[in-house]
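Here is the structure we will look at.
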Amino acid sequence: MKPGVWEYEIEAELIHEFVRNRSRGFAYGPIIASGIDSCVLHYNTNNKQCKKGDVILLDVAAEYANYGSDLTRVLPVDGKFTKRQRDVYNAVLRVFKGARKMLVKGNNIDKYNAAVGQLMEEELVKLKLLKMSDIKKQDPAFPLYKKYFMHGTSHFLGLDIHDVGFFHLPFQAGTVFTCEPGIYIPREKIGVRIENDILITDKGNVDLMESIPIEAGEIEELMNK
Ligand SMILES: [Mn+2]
């Protein structure tokens with residue numbers, strides 16, 4: 001990962017590592033999206049050269065023993081986030097951590113989405129993308145945060161990537177959900193989504209991807225080794 005690398009070259013490295021570790025391949029079409037395309041939710045042409053100063057969003061994961069996994073990370077192409085990129089990254093990471101805590105037995109999708117939406121509103125105000133005075137006046141059916149975060153926070157995961165499940169029932173132990181908040185600002189060419197897979201248990205939850213670096217500093221450190 002460095003300026004000048006092509007998105008498909010990164011794709012090639014990833015499939016190589018997956019297969020040599022006995023995966024049968026990608027769990028879904030990989031999204032390797034640098035620059036402005038980090039804001040395109042299902043970009044998958046993976047056909048651009050990566051530029052210094054841009055972020056790159058990697059929504060890529062392996063299938064293993066017929067089960068899917070689903071992961072997203074965002075890296076600075078040149079190994080160092082700009083101040084603004086890091087601020088957006090940390091905002092998404094705070095929402096991720098808050099959301100992850102709420103993926104517990106007995107909670108339900110409506111309460112969960114509403115609470116995540118509130119966390120997102122606070123972060124978007126801090127990033128000066130929304131004003132609290134406007135949020136107070138918003139139509140609850142069309143919350144303003146959806147301009148920057150226009151997808152769901154979680155879906156079921158299993159044999160399929162968007163697996164089937166009962167969204168109207170309270171969360172149950174044994175379920176795996178993704179947790180994937182994001183903030184997308186096309187005019188700044190910054191799209192950040194952070195995604196791990198979370199297993200709900202009888203006592204809280206387990207982040208199945210907690211060993212994969214997620215803090216901005218950890219990512220920069222790894223890239224500059
Ligand atoms: Mn996902």
Side-chain angles (χ1 to χ4, degrees), residues 7 10-11 14-15 17-18 23-34 37-46 55-75 88-89 91-104 107-110 112-117 119-120 123 145-146 148-169 171-172 174-185 190-201 205-214 219:
E7 291 162 347
I10 299 165
E11 179 175 339
L14 288 161
I15 192 71
E17 290 304 314
F18 290 172
S23 159
R24 296 316 300 155
F26 292 120
Y28 52 94
I31 297 167
I32 300 171
S34 63
D37 291 314
S38 60
C39 299
V40 177
L41 294 188
H42 293 106
Y43 173 82
N44 60 6
T45 46
N46 304 345
V55 294
I56 179 162
L57 182 148
L58 307 170
D59 187 342
V60 182
E63 183 179 292
Y64 190 83
N66 291 325
Y67 278 85
S69 63
D70 198 354
L71 174 92
T72 309
R73 288 291 184 274
V74 171
L75 320 178
V88 176
Y89 189 93
V92 176
L93 188 57
R94 281 189 293 270
V95 176
F96 167 85
K97 288 175 180 175
R100 183 178 61 187
K101 277 194 208 131
M102 296 187 277
L103 284 171
V104 289
N107 200 357
N108 68 56
I109 199 72
D110 292 333
Y112 173 72
N113 281 335
V116 175
L119 295 177
M120 191 52 94
E123 295 297 342
Y145 74 79
K146 294 207 172 194
Y148 298 100
F149 174 43
M150 63 298 282
H151 58 77
T153 310
S154 293
H155 56 81
F156 292 100
L157 178 72
L159 293 171
D160 206 350
I161 280 302
H162 293 110
D163 213 0
V164 291
F166 295 109
F167 265 125
H168 59 284
L169 292 179
F171 299 162
Q172 296 175 47
T175 305
V176 178
F177 275 112
T178 65
C179 184
E180 49 179 311
I183 294 176
Y184 310 90
I185 321 167
I190 302 174
V192 175
R193 176 165 67 256
I194 299 174
E195 175 176 30
N196 279 6
D197 302 338
I198 312 295
L199 167 66
I200 295 180
T201 65
N205 65 43
V206 178
D207 186 339
L208 299 172
M209 288 164 157
E210 72 188 343
S211 64
I212 301 172
I214 197 165
I219 288 169

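All values reported here derive from a predicted model rather than from experimental measurement. Side chains are part of it too, since the values below use all heavy atoms of this structure and drop only hydrogens, waters and symmetry mates. We count ligands from 1, going down the list as the structure has it; atoms in each ligand are counted the same way.
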Quiz item: Okay, side chain of T178, backbone of H155: is any donor-acceptor separation there less than 3.5 Å?
Solution: yes

Quiz prompt | Under 3.5 Å side-chain donor-acceptor pair for Y112 and S154 | solution = yes

Exercise. Please report the shortest heavy-atom distance between I31 and R193, naming the atom on each side.
Key: CD1-NH2, 4.3 Å

Exercise. Check for a donor-acceptor pair, side chain of Y28 on one end and backbone N or O of V60 on the other, with a separation under 3.5 Å.
Key: yes

Quiz prompt | For the Mn ion (ligand 1), every protein N/O/S atom that sits closer than 2.8 Å, waters excluded | solution = D70 OD2, H155 NE2, E180 OE2, E195 OE2

Practice problem: Would you please name every residue forming a salt bridge (charged side-chain N to carboxylate O under 4.0 Å, His left out) with K97, sequence neighbours left out? | Solution: E215

Quiz item: How about F156 and F166: are their ring centroids closer than 6.0 Å?
Solution: no

